[in-house]
2 protein chains.
Amino acid sequence: MLSERQSMILNAIVDDYIRSAEPVGSRSISKRGDVAFSPATIRNEMADLEELGFLEQPHTSAGRIPSNKGYRYYVDHLAPLKPLKTEDLKLFKQLAAEKLNAVEEVIQHAGTVLASMTNYTSILLGPEMFNTSLRHFRLLPLSETTAVAIIVTSSGEVENKTVTIPEGVSVSEMERMANLLNARLEGVPMHKLKARIYSEIAQEIQRHADHYEGLMKLLDDAFAAGKDQKVFLSGTTNMLIQPEFRDIGKLKTVLDLLEETPTLTRLLSSEQKGIQVRIGSENIHQAFVNCSLITATYSLEGEAFGTIGILGPTRMEYAKVIGTLDLLSRAMSRALTGRHGA
Amino acid sequence: MLSERQSMILNAIVDDYIRSAEPVGSRSISKRGDVAFSPATIRNEMADLEELGFLEQPHTSAGRIPSNKGYRYYVDHLAPLKPLKTEDLKLFKQLAAEKLNAVEEVIQHAGTVLASMTNYTSILLGPEMFNTSLRHFRLLPLSETTAVAIIVTSSGEVENKTVTIPEGVSVSEMERMANLLNARLEGVPMHKLKARIYSEIAQEIQRHADHYEGLMKLLDDAFAAGKDQKVFLSGTTNMLIQPEFRDIGKLKTVLDLLEETPTLTRLLSSEQKGIQVRIGSENIHQAFVNCSLITATYSLEGEAFGTIGILGPTRMEYAKVIGTLDLLSRAMSRALTGRHGA
DNA sequence: TTTAGCACTCGTCAGAATAGAGTGCTAACG
DNA sequence: CGTTAGCACTCTATTCTGACGAGTGCTAAA
């Protein structure tokens, strides 16, 4: 598609622009050393690259900047996978060594590390409950009218929800129901729980308990929760140091979106495993037109999957970020698996 | 301290400045109508007020802006407690009507409402565990080596922490210990738990269990958590619309601080109940010199206390914010108390 | 005591001049 | 024929200027 020389020049331009955030001219490329042609030759090629849509010119007498298409080509064909610095590797080792027990702590911590290593904003999604199963269910009465439902999943996560005890339901009734659930539904995948409750438990309750309606409502409430993936943000203020967000208006649209967790979840989750790069307008959401979002997936016990992502300006250090995400997602999968002993 | 007329003028200046964010001159005050003097007279008084430290002048030929001391006087003596708009009252009623069960949901929701009503940033602290007591403790084994410790408090909050099972400790041993704790420590205030564990439970364990060291470590881990109050932020991006934070540098110092939850907790918590206003440099933290922080306390079941706060520029709508916080803190206390039935 | 009047200060805005970066084109070179 | 040197041209950013206006402080009169 592109000639050898055009590739080299495109690579040089993207590289320079990522560093400087300023339009790059033919002269400065010629001086870099890795493209040994005179400015005039490079100018000709640049005109061609612009015609092909890989470059843009802010105004007539400025240098060129990469277009989204240009970044895309860079990422797909050119970006050299940089080896991480040793100091960064140290951070990873620390992450692994810290032996964090709770899943959320691992994720949270990974997010912080990610943001501080890259100087961009990290967005992590907690594991999807899709592939986890029920380990334990419990109803603790708090008062005459409320109880707390506690759900422990096979991956070790604990969800709890306070529910209202329906009129007339007794503590012993609730206890019997909880025992029934544990006996019958342990090991059942979370996403099938509701169905199983209706198909198996419902009749049982109807047969042996006095308050069918109330008890079913209670279960409905208890298992309604926990569906939404948690979102962990870190380094949102790194957005402020990017020159492209000097304009408060643009900044606000992005930061506002970061506060909308449901939308974020939607934008980040994808069926695809592995690394994914969405550049500028490739992102569906309007607020991200000036941003690139790079995501990777991690797994928990090989069962549940979550997403880790980096949000930055389209002028992003793709090579470094992709490398880091790749390593970190593996490190997380390792840290989150086999924690429960053999 | 200040003459009638000086008060009126100060009031007018603060009022105007809060609205416009521009230095206010003698002429515009004279035209307002509520201070019926000529610009010249007002100028004289303004010079006096500046000498007394209530006003400042950005430069010689500009109008005056209130100093921190000026705001302080305004808040203490002048700020008229505005009645809330009916549309705002509606939001409150909605809050009360929603019948949220979980404590965190109530707090989270209150924060959102607060931010959207005031257009500032809301910072809410979860209830301090200080006055709550233990209701239930439970240890659920997850695997050979890990278990999840679940702590339910008298106020209905559920803390959970994944802990490592020490070498050699058996499931039945853990179960016995949990039962012991429930029997002995139910109703004991959270802040005394550690002490009571050491003074009472420790010997008991030593007498009847095989793995004293291990079990004690387990308890240590389990009760180490839950101490830190949760922080709920909302409307952080409202900071961006304030003209005083047009300067990205200033903005960043504030937003950075908002990400540091431990520091925030420290800054917000105070022994004092009721409304508290900290203006500009009255805040201990350097990042808040251009900000005012107004806080109020709410109570949960009359036992635990939390803080709700609004952070904005020193040029803040004090009257409105104070009124709103006052009402909302009461509304929250109401919503959070008596939820557990009679 | 209050106010009108006036000279003065200072920041802001618009326009002009300048410098500089970078381009596109043409012609020469190997 | 690809490459390069040279040059005119374009456009932006910066600096400077002067005019303007908002607001003050002071003085003197009401």
Side-chain angles (χ1 to χ4, degrees), chain A residues 2-10 12-17 19-67 70 243-244 246-247 315, chain B residues 2-10 12-17 19-67 70 243-244 246-247 315:
Chain A
L2 290 188
S3 75
E4 180 80 10
R5 196 165 70 185
Q6 283 174 325
S7 286
M8 278 170 59
I9 291 176
L10 180 57
I13 290 176
V14 177
D15 224 57
D16 247 43
Y17 186 64
R19 240 192 297 286
S20 68
E22 309 259 297
V24 359
S26 54
R27 219 178 104 81
S28 57
I29 291 191
S30 173
K31 274 198 294 192
R32 274 170 54 113
D34 55 348
V35 185
F37 292 96
S38 78
T41 313
I42 294 175
R43 272 205 292 282
N44 286 329
E45 296 284 27
M46 277 162 78
D48 290 352
L49 283 170
E50 183 173 356
E51 209 161 312
L52 290 169
F54 293 94
L55 296 178
E56 284 169 1
Q57 211 172 9
H59 55 266
T60 346
S61 76
R64 303 300 209 293
I65 63 175
S67 66
E244 23 270 284
R246 205 83 55 83
D247 172 14
R315 185 188 60 77
Chain B
L2 289 187
S3 76
E4 180 80 9
R5 196 166 68 187
Q6 283 173 324
S7 287
M8 278 170 57
I9 292 176
L10 180 56
I13 291 176
V14 176
D15 224 58
D16 247 43
Y17 186 64
R19 241 192 297 285
S20 69
E22 309 259 297
V24 358
S26 53
R27 219 176 105 80
S28 57
I29 291 190
S30 173
K31 275 198 293 193
R32 274 171 53 113
D34 56 346
V35 186
F37 292 96
S38 78
T41 312
I42 293 175
R43 274 205 291 282
N44 286 329
E45 295 285 27
M46 278 162 78
D48 289 352
L49 282 170
E50 182 172 0
E51 209 160 312
L52 290 168
F54 293 95
L55 296 178
E56 285 170 359
Q57 211 172 9
H59 55 266
T60 348
S61 74
R64 304 300 210 291
I65 62 175
S67 67
E244 23 271 285
R246 207 81 58 83
D247 172 14
R315 184 188 61 77

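Only this structure's heavy atoms are used, side chains among them; waters, hydrogens and symmetry mates stay out. Throughout, a chain's letter reflects where its sequence line sits, starting with A, and its residues are numbered from 1.
- Rounded to a whole Å, the OH atom of B:Tyr17 is 14 Å from the P atom of D:dG23.
- Here the closest heavy-atom approach between residue A:Gly63 and residue A:Pro58 is recorded as O-CD, 3.4 Å.
- Taking a 6.0 Å sphere around CZ of A:Arg32, one finds it holds more than 12 heavy atoms contributed by other residues, nucleotides or ligands.
- Applying a 4.0 Å cut-off to non-hydrogen atoms, the residues of residues 25-32 of chain A that approach DNA chain C are A:Gly25, A:Ser26, listed by residue number.
- Atom pair B:Glu22:CD and C:dG11:C1' shows a separation of 12 Å (rounding to whole Å applied).
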Q. What one-letter contact string describes nucleotides 1-20 of chain D from 5' to 3', where B marks a base within less than 4.0 Å of any protein heavy atom, S marks contact via sugar-phosphate atoms alone, and - marks no contact?
A. --SBBB---BBS--------
Q: Step by step, work out the side chain to side chain contact (heavy atoms under 4.5 Å, CB included) result for A:Ile9 and A:Met46.
A: CA-CA 8 Å; A:Ile9 291 176; A:Met46 277 162 78; 4.2 Å; yes
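- A straight line from CG of B:Leu55 to C1' of D:dT24 spans 14 Å, rounded to a whole angstrom.
- Looking at heavy atoms from C-beta onward, B:Pro243 lies in side-chain contact with B:Arg315 at the 4.5 angstrom threshold.
- Atom CG of B:Asp48 and atom P of D:dC26 are 11 Å apart (whole Å).
- A heavy-atom distance below 4.5 Å is not found between the side chains of A:Phe54 and A:Ile13.
- What separates CD of B:Gln6 from P of C:dT1 is a distance of 13 Å, to the nearest Å.
- For the pair B:Asp34 and B:Met8, the minimum side-chain heavy-atom distance is 4.5 Å or more.
- Closest non-hydrogen pair, B:Pro66 versus B:Leu55, comes out as CA-CD2, 4.0 Å.
- Residues A:Asp15 and A:Val24 form no side-chain contact, since every pair of their non-hydrogen atoms from C-beta on lies 4.5 Å or further apart.
- Applying the side chain to side chain donor-acceptor pair (under 3.5 Å) test to pairs two or more places apart or on separate chains, those with a residue in residues 40-52 of chain B are B:Arg5-B:Glu45, B:Ser26-B:Arg43, B:Ser38-B:Thr41, B:Glu50-B:Arg64.
- Look at CD on A:Glu56: it is 15 Å from P on C:dT23, rounded to the nearest Å.
- Here the P atom of nucleotide C:dC25 and the CE atom of A:Met46 are 14 Å apart, to the nearest Å.
- Straight-line distance from the CD1 atom of B:Ile42 to the C1' atom of C:dT3: 11 Å, rounded to whole Å.
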